[in-house]
Asker: 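Once you've had a glance at the structure underneath, I'll fire off some questions.
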Amino acid sequence: MATQRALTGKIALVTGAGRGIGRAIAGRLAHDGALVGVHYGHSADAAQEVVAEIRKNGGRAFPVEAELGVPGDADAVFAAFDAGLRAESGGFEGVLDILVNNAGVSGSGPVGQAVPEVFDRMIAVNAKAPFFLVQGALPRMRDGGRIINISSLATRRAFPESVAYAMSKGALDTMTLCLAKELGGRGITVNTVGPGFIETDMNARRRKTPEARAALAARSVFDRIGRPSDVADVVAFLACDDSRWITGQYLDVSGGTDL
Ligand code: NAP
């Protein structure tokens with residue numbers, strides 16, 4: 001008899017899933033049996049590749065295109081999500097079990113160099129978009145659902161070199177706490193995952209020389225830079241029933257960075 005996988009029958013939406021951490025999360029949730037909406041903003045080819053890879057591995061996924069951080073972004077995401085879901089599942093329109101708010105932008109700089117446009121963008125993409133995505137998700141989310149917000153170690157360690165980024169992620173942490181309380185009655189858990197340095201495009205500028213790489217790796221007690229799968233595996237745990245008694249939490253996924 002085939003063993004049922006942890007997320008069989010679940011429907012997931014992962015934002016920013018064409019690249020980096022989101023890509024690994026989408027792949028892992030699909031591997032665990034979920035039907036996954038692979039959201040992207042600009043990386044259409046990359047997102048198609050993720051969908052193709054998931055399907056090749058026997059999983060189910062579809063692309064969801066919508067730019068975040070612009071007016072109407074959440075509505076656009078769910079319009080694309082519903083269209084994809086209809087085509088992929090032939091039903092289940094308007095249903096969701098797992099929302100992973102992963103898409104994000106970084107690089108805001110220290111306070112002395114801050115400009116209002118960049119500040120606004122950090123808040124719009126990293127905090128406002130997840131907030132309204134949750135608002136759009138809630139009427140569709142089945143009881144026992146999961147909301148997982150990808151924050152950053154930058155909310156737990158001083159990170160003055162990117163203060164607006166850290167502030168935007170701090171808003172996400174606070175949203176997690178509030179929503180966990182509000183949604184407990186429906187069995188929906190809400191948690192934050194806080195990665196340290198993970199090897200993606202986002203921090204490529206920090207790994208330009210072997211010395212810079214080594215210095216970044218040395219900040220973890222494991223003396224290596226994190227991999228997207230290090231984060232995806234934790235998200236998979238939070239997405240499945242095994243984590244049902246965990247809510248409102250910030251999970252440090254930084255490999256013991258700067259302990
Ligand atoms: P990444 O490789 O730069 O990928 C960022 C993702 O976000 C892309 O898939 C991108 O999609 C999406 N995105 C960004 N702006 C968007 C917009 N305006 N509209 C739609 N999608 C948008 O970054 P990553 O490292 O995988 O980061 C994923 C999450 O982890 C982010 O929230 C980040 O803050 C957090 N994080 C990362 C690290 C790290 O060291 N890498 C550490 C702590 C936290 P498109 O390319 O399709 O636009």
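In this chain, residues are counted from 1 in sequence order. Every number for a ligand or one of its atoms is a count from 1 in the order of the listing. In this text the structure is predicted, and so the values were computed from the model without any measurement.
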Asker: Among all protein heavy atoms, pick out the one at the shortest distance from atom 36 (N) of ligand 1; state its residue, atom name and that distance to 0.1 Å.
Answerer: Tyr165 OH, 3.7 Å
Asker: Is the backbone of Val105 close enough, under 3.5 Å, to the side chain of Asn126 for a donor and an acceptor to pair up by distance?
Answerer: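 A pair under 3.5 Å: yes.
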Asker: Can you name the nearest heavy-atom pair linking Ile188 to Arg142, along with the distance?
Answerer: CG1-O, 4.2 Å
Asker: Hey, does Glu199 sit under 4.0 Å from ligand 1 if you only count heavy atoms?
Answerer: no
Asker: Test your reading of the model: is there a side-chain donor-acceptor pair from Ser243 to the backbone of Cys240, 3.5 Å cut-off?
Answerer: yes
Asker: Considering only protein heavy atoms, which is closest to atom 28 (C) of ligand 1, and at what distance to one decimal place?
Answerer: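 The closest heavy atom on the protein side is Asn102 OD1, 3.2 Å.
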Asker: Please list the nearest protein heavy atom to atom 27 (O) of ligand 1 with its residue and the distance rounded to 0.1 Å.
Answerer: Met202 CE, 3.9 Å
Asker: Would the distance check show the side chain of His39 and the main-chain N or O of Gly16 forming a donor-acceptor pair, the cut-off being under 3.5 Å?
Answerer: yes
Asker: Show me which atoms of ligand 1 lie under 4.0 Å from any heavy atom of Ile150.
Answerer: 29 (C), 30 (O), 32 (O), 35 (C)
Asker: For ligand 1, is there an N or O atom under 3.5 Å from any N or O atom of Phe197?
Answerer: no
Asker: How far apart are the closest heavy atoms of Val64 and Ala80, and which atoms are they?
Answerer: CG1-CB, 3.8 Å
Asker: Taking the six-membered ring of Tyr250, is NZ or CZ of Arg156 closer than 6.0 Å to its centre and within 45° of its axis?
Answerer: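 Yes - Arg156 lies over the ring of Tyr250, closer than 6.0 Å to its centre and within 45° of its axis.
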Asker: For the backbone of Gly256 and the side chain of Ser220, can you confirm whether one donor and one acceptor N or O come within less than 3.5 Å of each other?
Answerer: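 No, Ser220 side chain to Gly256 backbone: no donor-acceptor pair under 3.5 Å.
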Asker: Would one find an N or O of Val125, backbone or side chain, under 3.5 Å from an N or O of ligand 1?
Answerer: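 In fact, backbone or side chain, Val125 has no N or O that close.
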Asker: Step by step, would you call Arg207 with Phe197 a side chain to side chain contact (heavy atoms under 4.5 Å, CB included)?
Answerer: CA-CA 10 Å; Arg207 304 181 253 111; Phe197 297 106; over 6 Å; no
Asker: Looking at Glu67, which atoms of ligand 1 are within less than 4.0 Å of one of its heavy atoms?
Answerer: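 Once the distances to Glu67 are compared, the set is 18 (N), 19 (N).
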Asker: Can you tell which part of Ala47 has a heavy atom less than 4.0 Å from ligand 1: side chain, backbone, both or neither?
Answerer: neither
Asker: Within the distance-only criterion (no hydrogens, no angle test), does the side chain of Arg244 pair as donor or acceptor with the backbone N or O of Asp241 below 3.5 angstrom?
Answerer: yes
Asker: How does Arg121 reach ligand 1, if at all, at less than 4.0 Å between non-hydrogen atoms: by side chain, backbone, both, or neither?
Answerer: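 The part of Arg121 near ligand 1 is the side chain, not the backbone.
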Asker: Would you check whether Thr200 has a nitrogen or oxygen atom less than 3.5 angstrom from a nitrogen or oxygen atom of ligand 1?
Answerer: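 Indeed, backbone or side chain, Thr200 has an N or O that close.
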Asker: What I want to know is whether Gly22 and ligand 1 share at least one N or O pair that is separated by under 3.5 angstrom.
Answerer: no
Asker: Of Thr176, Ile148, Asn149, which meets side-chain contact (heavy atoms from CB on, under 4.5 Å) against Val193?
Answerer: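 That would be Ile148; it is the only one of Thr176, Ile148, Asn149 passing the side-chain contact (heavy atoms from CB on, under 4.5 Å) with Val193.
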Asker: Number the atoms of ligand 1 from 1 as they appear, then name those within less than 4.0 Å of a heavy atom of Gly20, with their elements.
Answerer: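 In order of numbering, the contacting atoms are 2 (O), 26 (O).
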Asker: Quick one: does Ala66 get an N or O within less than 3.5 Å of an N or O on ligand 1?
Answerer: no
Asker: If you measure from each heavy atom of Gly226 to ligand 1, is any distance below 4.0 Å?
Answerer: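 The answer is no: ligand 1 sits nowhere under 4.0 Å from a heavy atom of Gly226.
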Asker: Considering only protein heavy atoms, which is closest to atom 18 (N) of ligand 1, and at what distance to one decimal place?
Answerer: Leu68 O, 2.9 Å
Asker: Does the Ser168 side chain pair with the main chain of Tyr165, one donor and one acceptor, at a distance under 3.5 Å?
Answerer: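 Checking the backbone N and O of Tyr165 against the side chain of Ser168, a donor-acceptor pair under 3.5 Å is found.
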Asker: Touching ligand 1 at all, Ala129? Heavy atoms, strictly under 4.0 Å?
Answerer: no
Asker: Under 4.0 Å from any heavy atom of Val105, which atoms of ligand 1 are there?
Answerer: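 With Val105 as reference, the close atoms of ligand 1 come out as 14 (C), 15 (N).
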Asker: Atom 1 (P) of ligand 1: which protein heavy atom is closest, and how many Å away?
Answerer: Arg19 NH1, 3.7 Å
Asker: Is a side-chain donor or acceptor of Asp73 paired with a backbone partner of Glu67 at a separation under 3.5 angstrom?
Answerer: no
Asker: Considering heavy atoms of the protein only, find what lies nearest to atom 22 (C) of ligand 1 and give residue, atom and distance to 0.1 Å.
Answerer: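 Nearest neighbour among protein heavy atoms for atom 22 (C) of ligand 1, to 0.1 Å: Ala103 CB, 4.0 Å.
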Asker: For ligand 1, which atoms, with element, lie under 4.0 Å from some heavy atom of His39?
Answerer: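 Per the distance check, 20 (C), 21 (N).
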Asker: Gly196 versus ligand 1: do any nitrogen or oxygen atoms come within less than 3.5 Å of each other?
Answerer: yes
Asker: Which is closest to atom 6 (C) of ligand 1 by heavy-atom distance: Ser254, Ala26, Ala24, Gly16?
Answerer: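 Shortest heavy-atom distance from atom 6 (C) of ligand 1: Gly16.
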Asker: Within the distance-only criterion (no hydrogens, no angle test), does the side chain of Arg205 pair as donor or acceptor with the backbone N or O of Met202 below 3.5 angstrom?
Answerer: yes
Asker: Whether the side chain of Ser254 engages the backbone of Thr257 through a donor-acceptor N/O pair (distance < 3.5 Å, no angle test) should be reported.
Answerer: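 A pair under 3.5 Å: yes.
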Asker: Please indicate whether any nitrogen or oxygen in Ile21 is less than 3.5 Å from any nitrogen or oxygen in ligand 1.
Answerer: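 The answer is yes, given that Ile21 and ligand 1 share an N or O pair closer than 3.5 Å.
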Asker: Pull out every atom of ligand 1 sitting under 4.0 Å from any heavy atom of Tyr40, numbered as shown with elements.
Answerer: 47 (O)
Asker: Which of the numbered atoms in ligand 1 are below 4.0 angstrom from a heavy atom of Ser151?
Answerer: 35 (C), 36 (N), 43 (C), 44 (C)
Asker: Is it true that the side chains of Ser108 and Ser162 contain a donor and an acceptor less than 3.5 Å apart?
Answerer: yes
Asker: Could you tell me whether Ser152 and ligand 1 have an N or O pair separated by under 3.5 Å?
Answerer: no
Asker: Can Lys169 be said to touch ligand 1, with heavy atoms closer than 4.0 Å?
Answerer: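 Yes, that is the case, since the closest heavy atom of the residue is under 4.0 Å from the ligand.
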Asker: Identify the protein heavy atom lying closest to atom 46 (O) of ligand 1, giving its residue, its atom name and the separation to 0.1 Å.
Answerer: Ser43 OG, 2.5 Å
Asker: Using a strict 4.0 Å cut-off to heavy atoms of Asn203, name the atoms of ligand 1 that fall inside it.
Answerer: 39 (C), 40 (O), 41 (N)
Asker: To which protein heavy atom is atom 14 (C) of ligand 1 closest, and what is the distance rounded to 0.1 Å?
Answerer: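 Sorting protein heavy atoms by distance from atom 14 (C) of ligand 1 puts Gly104 O, 3.4 Å first.
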